[in-house]
Amino acid sequence: MTWSPTSGRRPARARNPRPLWPAVAAATLMALVSAPPAHAQQAPAPQAATSPANAPAPWPRTFETSDSDQIQVYQPQVDDWNGDVMSGRAAVAIGAKAGTPTYGMVRFTSRVAVDKPAGIVHLASLTITGVEVPTAPDKAGLIRSTLQAHLPAEGMTIPLDQLQASYAVNKELAQLKTQPVDNTPPQILFASTTTIQVPIAGQPVLKPITGVSAFKRVINTRPLLLLDEASTYHLQAAGTWYETTSLTGTWIVTPKVSDALIAAGKAASDELAADPLLSSDGKAITPPPAILVTTVPTELIQTDGQPQMLPVVGTNLLTMNNADHAVFMETTSNTYYVLISGRWFKAGDLKGPWSFVAANALPKDFAKINPNDPKANVLVSVAGTPQAKEAAIAATIPQTASVKRDVTLNVVYEGTPRFEAIAGTPLAYAVNTPVPVIRLDTRRYYAVNNGIWFVAEAPLGPWHVADVVPDVIYTIPVSSPVHYVTYVRIYGSTPDAVIVGYTPGYMGVVVAPGGTVVYGTGYSCPGYVGTYWISCPVTYGLGAGFALGVADGFAFGFAAGWPWSVAVGPYWGPYWHPWGPGPWGPGPWGPHPWGPGPWGGHWGYTNVNQTNIYGRWGGAATVNHAWGTTWNGTGWSGRDWRGTTANGTAFTGRSAAAFNPYSGNWAAGREGAHANPYTGDRGASRAGAAGNVYTGNAAAGRESAGIDPARGTAHASQTAVTDNHGHVNVDSRGAAVDTHTNTAAAWHNGNVMVDHDGNVYRHNDNGWSRNTTSGWQNVDRNTDTQRLDDEQQARSWSQQRVDNFGGGDRFAGDNFGGDRFGSGGFDRGFGGFGGGFRGGGFGGGGFGGGFRGGGFRR
């Protein structure tokens with residue numbers, strides 16, 4: 001369970017708490033220890049997995065070559081990752097179980113499928129391309145044949161964090177494709193009181209309201225904004241009506257709301273639902289906040305009271321501790337720096353004028369910010385830092401899915417399809433539909449919807465899933481409003497399905513020159529304005545930012561206004577949804593299976609990098625997601641997974657969550673199991689929680705048990721927590737046993753890795769040593785071990801992230817206990833903004849630190 005102090009909601013708690021499961025008896029543990037290995041009959045191979053086991057198998061992975069000999073494969077080191085193809089190397093060891101092994105290197109390539117919310121990579125067709133054993137070349141053939149015999153036909157799964165961290169160490173940033181984004185500073189404004197920014201896309205465009213004569217509607221903004229015959233503007237926001245005679249002037253709370261205004265507002269909302277700008281729990285903001293209407297790209301930076309500047313330890317920097325963005329002063333020059341959408345701007349005064357600063361031209365003290373500092377996530381936007389490099393690498397890794405060919409698409413235009421040329425290309429795009437439709441020629445049209453490419457012979461269709469897209473589409477320039485489609489790719493196809501994927505660029509993340517990630521291209525346009533308004537991608541006004549924490553990895557999302565529980569979200573491309581009941585589809589504002597967040601709800605709760613847009617297709621894309629709403633209003637989500645690891649361990653698991661907004665009851669749970677028919681290693685774990693939002697009572701617990709006959713170890717444990725009207729009780733118990741001593745003491749099962757030349761190294765408390773014909777030899781202190789150190793640190797960080805959501809004991813999910821599920825948090829244990837994103841990464845310098853820059857959490 002998580003809680004955002006800024007949202008004003010405390011953790012949900014159960015009505016009548018009690019431990020979720022009975023205590024695990026000691027007899028269970030002893031039965032596990034004494035139980036014989038399950039060698040008699042191997043179960044049928046399960047279906048290939050696209051999601052992880054509850055607890056990923058540890059490294060190294062062991063394969064027996066005979067009764068007395070074995071091979072061990074160490075954690076892979078990724079050299080290249082291009083879409084759904086990966087290549088790399090791994091250290092291997094071969095020898096007698098009770099003796100001293102010989103070390104070498106295996107090179108491999110594989111097709112991969114990525115599930116970012118679950119945090120796993122499925123290696124679907126692992127191929128060994130080379131084996132090198134410098135000290136015993138004659139053993140290379142045995143290693144190759146043994147591994148080929150043991151690799152399961154359905155592939156294997158590895159935590160994404162382990163592979164991503166390794167790739168970040170080995171990939172040269174200069175090889176990444178960057179985009180020439182526009183870095184023109186937006187209007188930057190500061191407010192010290194609660195303020196809502198209401199953006200209008202250019203000058204206001206007025207449209208009549210059906211059946212209403214005394215009011216017109218400003219159509220090119222999402223909130224409900226009306227103009228009456230007396231030239232007074234009326235805005236409905238945060239549960240309050242406001243008015244002003246000048247859009248950019250001072251707004252006041254309407255003293256008395258007329259019946260005519262109420263009727264006009266209802267008629268306008270019936271035509272096209274507006275964003276009510278309510279709090280995150282759907283309620284009015286009290287007291288009513290101030291209003292700021294903007295007609296040009298603007299970023300509003302809010303402080304909780306007057307700005308407070310505090311020193312950043314170990315630097316000459318001061319930070320604005322109570323701001324919802326990252327705001328610094330460099331004291332040797334008395335210059336202010338602000339971080340907005342991944343871009344740095346500087347000025348001698350908070351009133352400006354502001355100018356852009358390249359990430360590699362910042363004062364050196366920014367790179368000195370301690371990774372554990374509350375502002376540490378700004379390091380993602382400081383060129384040359386490990387955080388910046390891994391963030392850039394993460395932006396190249398796609399979320400993939402296998403899509404059924406019978407998926408259909410219906411594109412709705414406002415009137416006759418209208419196309420405008422895309423500068424620098426022979427292409428044109430449709431301006432009067434929210435779906436990006438690209439015209440190649442008069443007989444070929446391509447469209448992207450929720451990460452899938454479609455093709456048709458006419459703009460009205462019929463549309464079919466495409467299995468190839470012409471290369472010219474990927475030349476659409478960064479200045480085009482539909483540039484984001486270039487981040488959706490097709491990787492392959494079968495007679496029944498097409499393998500597709502998208503990188504974070506589809507959601508607006510771009511790798512800028514210099515190798516740091518930014519949100520948005522910086523280019524702006526008013527969008528299409530007809531009877532309805534279709535937004536262009538926007539860069540500013542959302543509080544867009546990034547985070548990269550030791551525990552949680554790379555993340556990005558939107559935080560503008562969330563300290564005060566209200567904000568305008570993005571409305572373009574994959575963030576768009578049918579606001580209806582206009583031409584785009586049914587349904588008013590509110591939870592809707594197609595948006596605005598992936599599962600309904602606001603994008604402000606979401607770590608977008610852990611969002612799987614393919615979940616919107618349900619069973620049409622093989623992502624094993626499901627969600628819905630029951631007849632009594634209970635929203636729910638769930639997923640399941642199964643598969644086999646490289647060493648033959650079968651695993652299965654499932655998770656689910658539900659919430660009823662009327663009763664306030666909520667629940668979430670997760671369970672999993674694994675078994676290896678060869679080794680007898682098996683185990684199971686589960687976790688769950690239940691509670692009630694309104695009473696505050698809750699109960700939660702977890703338990704696990706396992707056995708490894710080969711090592712003679714077993715364990716069982718249980719923890720339960722209850723909260724009954726503020727009386728908290730914690731009960732934890734468990735036991736473990738080792739029936740015999742590990743006979744493979746001569747093997748080193750620690751941090752072993754291999755360089756590009758096949759040299760094998762290991763790391764311990766004494767530093768690095770190299771494997772030679774004379775055994776392990778200490779590496780000379782003058783040797784450059786930076787690459788080894790980086791790989792070792794990456795493994796340490798990635799394992800912490802894996803541990804953070806593995807084992808079946810994490811079940812948050814976008815402020816779970818509130819009213820949203822999944823969308824980037826459920827599967828990996830993330831909570832909501834300022835909830836699960838906590839500590840050095842999120843909530844301590846990112847989403848609540850560098851994400852918003854700092855100070856989102858007070």
Side-chain angles (χ1 to χ4, degrees), residues 201 220 272 403 405-490 498 500-503 505-508 521 523-538 570-580 582-585 594-596 613-614 616-617 620-621:
N220 53 333
L272 187 67
V403 180
R405 285 183 177 268
D406 59 2
V407 173
T408 59
L409 173 66
N410 179 38
V411 179
V412 179
Y413 302 84
E414 188 191 55
T416 302
R418 291 178 50 190
F419 287 85
E420 290 186 4
I422 299 176
T425 76
L427 308 170
Y429 77 100
V431 297
N432 57 336
T433 176
V435 178
V437 177
I438 313 298
R439 185 181 67 196
L440 179 65
D441 54 42
T442 56
R443 293 297 303 273
R444 281 185 295 177
Y445 296 82
Y446 293 87
V448 170
N449 192 37
N450 292 315
I452 300 176
W453 276 106
F454 294 85
V455 63
E457 294 184 357
L460 295 177
W463 293 91
H464 306 283
V465 174
D467 55 18
V468 65
V469 175
D471 290 342
V472 68
I473 282 182
Y474 295 98
T475 66
I476 295 176
V478 70
S479 57
S480 170
V482 293
H483 171 74
Y484 63 93
V485 305
T486 64
Y487 298 91
V488 181
R489 293 275 180 170
I490 296 173
V498 178
V500 295
Y502 66 89
T503 56
Y506 179 53
M507 312 299 288
T521 65
Y523 291 91
S524 63
C525 69
Y528 171 81
V529 180
T531 304
Y532 301 94
W533 171 59
I534 301 172
S535 173
C536 282
V538 296
Y571 303 115
W572 58 271
Y575 298 103
W576 174 89
H577 85 117
W579 293 85
W584 319 119
W594 286 80
I613 288 293
Y614 295 116
R616 288 179 171 176
W617 294 100

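When reading the values below, keep in mind they use all heavy atoms of this one structure, side chains included, and skip hydrogens, waters and symmetry mates.
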What pairs meet the side-chain hydrogen bond (donor to acceptor under 3.5 Å, both in side chains) rule with one or both residues in residues 459-468, with sequence neighbours excluded?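 Found Arg405-Asp467.
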Listed partners of Glu457 passing salt bridge (charged side-chain N to carboxylate O under 4.0 Å, His left out), at least two apart: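 Result, salt bridge (charged side-chain N to carboxylate O under 4.0 Å, His left out) vs Glu457: Arg443.
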Classify the angle between the aromatic ring planes of Tyr445 and Phe419 as parallel (below 30°), tilted (30 to 60°) or perpendicular (above 60°).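 Rings of Tyr445 and Phe419: tilted, 30 to 60°.
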Just say parallel, tilted or perpendicular for the rings of Trp533 and Tyr571, cut-offs at 30° and 60°.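 Rings of Trp533 and Tyr571: perpendicular, as their planes differ by over 60°.
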What is the minimum heavy-atom distance between [X] and [Y], and which atoms define it?
X      : Y      : value
Pro426 : Val472 : CD-CG2, 3.7 Å
Val488 : Trp453 : O-NE1, 2.9 Å
Ala466 : Val498 : O-CG1, 3.6 Å
Val412 : Pro434 : O-CD, 4.2 Å
Trp617 : Thr408 : CZ3-O, 4.0 Å
Val435 : Ala447 : CG1-CB, 4.2 Å

Tell me, please, which residues at least two apart from [X] pass ring-ring contact (aromatic ring centres under 6.0 Å, His included).
X      : value
Tyr502 : Tyr506, Tyr614
Tyr474 : none
Tyr487 : His483

Does some side-chain heavy atom of [Y] sit less than 4.5 Å from a side-chain heavy atom of [X]?
X      : Y      : result
Pro417 : Leu460 : yes
Trp572 : Pro481 : no
Tyr446 : Leu440 : yes
Leu272 : Tyr532 : yes
Asn220 : Pro526 : no
Tyr429 : Ile476 : no

For Leu427 and Ile473, what are the C-alpha separation, side-chain angles and deciding distance, and is it a side chain to side chain contact (heavy atoms under 4.5 Å, CB included)? CA-CA 8 Å; Leu427 308 170; Ile473 282 182; 4.1 Å; yes
Side chain Asn432, main chain Glu414, donor-acceptor under 3.5 Å: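 Yes, the answer is positive, given that a donor and an acceptor are paired below the 3.5 Å cut-off.
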For Arg444, side-chain hydrogen bond (donor to acceptor under 3.5 Å, both in side chains) partners two or more places apart: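 With sequence neighbours excluded, Arg444 shows a side-chain hydrogen bond (donor to acceptor under 3.5 Å, both in side chains) to Asp441, given in chain and number order.
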Just how far is it from atom CD1 of Ile452 to atom CG of Leu409, taken to the nearest 0.5 Å?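 The CG atom of Leu409 is 9.0 Å from CD1 of Ile452, to the nearest 0.5 Å.
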Other residues, nucleotides and ligands only: do more than 12 of their heavy atoms fall within 6.0 Å of CG on Asp406?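 Yes - once you tally the heavy atoms of other residues, nucleotides and ligands closer than 6.0 Å, there are more than 12.
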The test is side chain to side chain contact (heavy atoms under 4.5 Å, CB included); show your working for Thr433 and Tyr528 and say whether it passes. CA-CA 9 Å; Thr433 176; Tyr528 171 81; over 6 Å; no
Measure from the ring center of Tyr575 to the ring center of Tyr484 and say whether it is less than 6.0 Å.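 Aromatic pair excluded; centres sit 6.0 Å or further apart.
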Determine, stepwise, if the pair Val411 / Phe454 fulfils side chain to side chain contact (heavy atoms under 4.5 Å, CB included). CA-CA 11 Å; Val411 179; Phe454 294 85; over 6 Å; no
